[in-house]
Amino acid sequence: MAKALIFAGGVGTRMHSKDVPKQFLKVDGVPIIIRTIAHFEKHERIEGIVVVCVESWIGELRYELEAYGMKKVMEILPGGQTGFQSIHIGLEYLAGMMSEEEVVLICDGVRPCLSPELITECIANAEAHGSAVPVTPSIDSVLYSTDGRSCGKNISRKKIFITQAPQGYLMKEIMSAHGEAIEKGMESVSSADLMIELGREIHLFPGIRENIKVTTAEDLNALRATQYYEHFKDFAREELNIK
């Protein structure tokens, strides 16, 4: 079994959604964060969920969780000043109830197109390797530039992979990394980036392209595109009973 940590402490400045954090934007009347949490709520190997949320929106999240019958959310905690701090707040809470050998899945709140298979694979890989980071190969050519205007180096896309979430870790691995990062004054929203910066290896496994992160207005348009939106609607009909 495993527990999930959903961090949704940001306000989504890149979405330009005025006063509504991106995770609370609604598609077909349902907040994106509810779609994300629902994947963990319905998964048989997830026994509990902790959400770290924008403090002023905790009341709204409680209302939505009750409205959609979410039972696995154990606690909603106010977020920190940064994504790293929000994740750490959630990890500190979970550390009091989990053993070092248990798996925690860390996921941002704007992943409405997850799949049960991806969650299952993430747990299995984390149990086997200590860490599990879903990735997809880059389909674009990649150039390296230090200023965004000139370039003298390209990078083979065969060596480039896009990280996704959830990312799975044994509690002892991620807590050790966070402790070391705090001692060194380091921060990174991506746990995978943090592990690498600390000189630790991470285990990669295949993600799914449908698993988009809704960060910008363009991402919302992509969510409504056929490739993603049919998956999104199917899950809504089957798991949340949304017509």
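This one's a predicted model, so the numbers in the text were calculated from it and none came from an experiment. Residue numbers run from 1 in the order of the sequence given.
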- Message: If I take atom OG from residue Ser115 and atom CD1 from residue Ile208, how far apart are they, to the nearest 0.5 angstrom?
- Response: 3.5 Å
- Can you check whether Tyr169's main-chain N or O pairs, donor with acceptor, with Glu173's side chain at less than 3.5 Å? no
- Spacing of Ile33 atom CD1 and Phe24 atom CZ [to the nearest 0.5 Å]: 5.0 Å
- Query: So, the side chain of Asn211 versus the backbone of Ala165: is there a donor-acceptor pair under 3.5 Å, distance only?
  - Reply: yes
- Message: Counting neighbours of CD on Glu75 that are heavy atoms of other residues, nucleotides or ligands and sit closer than 6.0 Å, is the number greater than 12?
- Response: yes
- How long is the span from the NE2 atom in His88 to the CG atom in Leu5, to the nearest 0.5 Å? 11.5 Å
- Distance only, no hydrogens: is a donor on one side chain within 3.5 Å (strictly under) of an acceptor on the other, for Ser99 and Glu101? no
- Message: Could you tell me if the side chain of Met175 sits less than 4.5 Å from the side chain of Leu91, heavy atoms only?
- Response: yes
- Message: Is any side-chain heavy atom of Met186 closer than 4.5 Å to one of Leu198?
- Response: yes
- Message: Side chains of Thr136 and Phe161, heavy atoms from C-beta outward: is any pair under 4.5 Å?
- Response: no
- Message: Check this for me: does any side-chain nitrogen of one of Lys3 and Glu47 sit under 4.0 Å from a carboxylate oxygen of the other?
- Response: yes
- Task: Apply the test salt bridge (Lys or Arg N to Asp or Glu O under 4.0 Å) to residues Arg62 and Glu66: give CA-CA distance (whole Å), side-chain angles for both, the deciding distance (0.1 Å), then the verdict.
- Result: CA-CA 6 Å; Arg62 291 192 191 280; Glu66 183 176 354; over 6 Å; no
- Query: Judged by atom type as modelled, is there a donor-acceptor pair below 3.5 Å linking the side chain of His203 to the main-chain atoms of Asn125?
  - Reply: no
- Do Met74 and Leu94 have side chains that get closer than 4.5 Å, going by heavy atoms? yes
- Under 4.5 Å between any side-chain heavy atoms of Leu65 and Ile34, yes or no? yes
- Task: Could you tell me whether the side chains of Arg200 and Ser131 share a donor-acceptor contact shorter than 3.5 Å?
- Result: no
- List the steps, then state whether ring pair (Phe, Tyr, Trp, His ring centres under 6.0 Å) holds for His129 with Phe205. CA-CA 11 Å; His129 304 284; Phe205 73 98; 9.6 Å; no
- Could you tell me whether Glu64 and Lys26 have a side-chain N and a carboxylate O separated by less than 4.0 Å? yes
- Does a side-chain N-to-carboxylate-O contact under 4.0 Å join Glu127 and Arg45? yes
- Please examine the side chains of Trp57 and Val20, heavy atoms only from C-beta on, and report whether any two atoms are closer than 4.5 Å. yes
- Task: Using modelled atom types only, decide if a donor and an acceptor are shared between the side chain of Asp193 and the backbone of Ile196 within a distance under 3.5 Å.
- Result: no
- Message: What's the separation between atom CD1 in Ile37 and atom CZ in Arg111, rounded to the nearest 0.5 Å?
- Response: 15.0 Å
- Donor-acceptor under 3.5 Å (Gln23 side chain, Ala8 main chain): yes
- CD/Glu100: more than 12 non-hydrogen atoms of other groups inside 6.0 Å: no
- Would you say the side-chain atoms of Glu41 pair up with the backbone N or O of Lys72, donor to acceptor, closer than 3.5 Å? yes
- Message: Check whether Arg35 reaches the backbone of Val27 with its side chain - one donor and one acceptor, N or O, closer than 3.5 Å.
- Response: yes
- Query: Any side-chain donor paired with an acceptor under 3.5 Å for Ser191 and Gln167?
  - Reply: no
- Item | Contact check, side chains of Ile160 and Pro137, non-hydrogen atoms, under 4.5 Å | no
- Message: Once rounded to the nearest 0.5 Å, what's the spacing between atom CD1 of Ile123 and atom CG of Leu118?
- Response: 10.0 Å
- Following the transitive rule for hydrophobic clusters with a side-chain heavy-atom cut-off under 4.5 Å over Ile, Leu, Val, Met, Phe, Trp and Tyr, establish whether Leu194 and Val103 coincide in one cluster. no
- Euclidean distance, Ile46 CD1 relative to Phe40 CZ, rounded to 0.5 Å: 6.5 Å
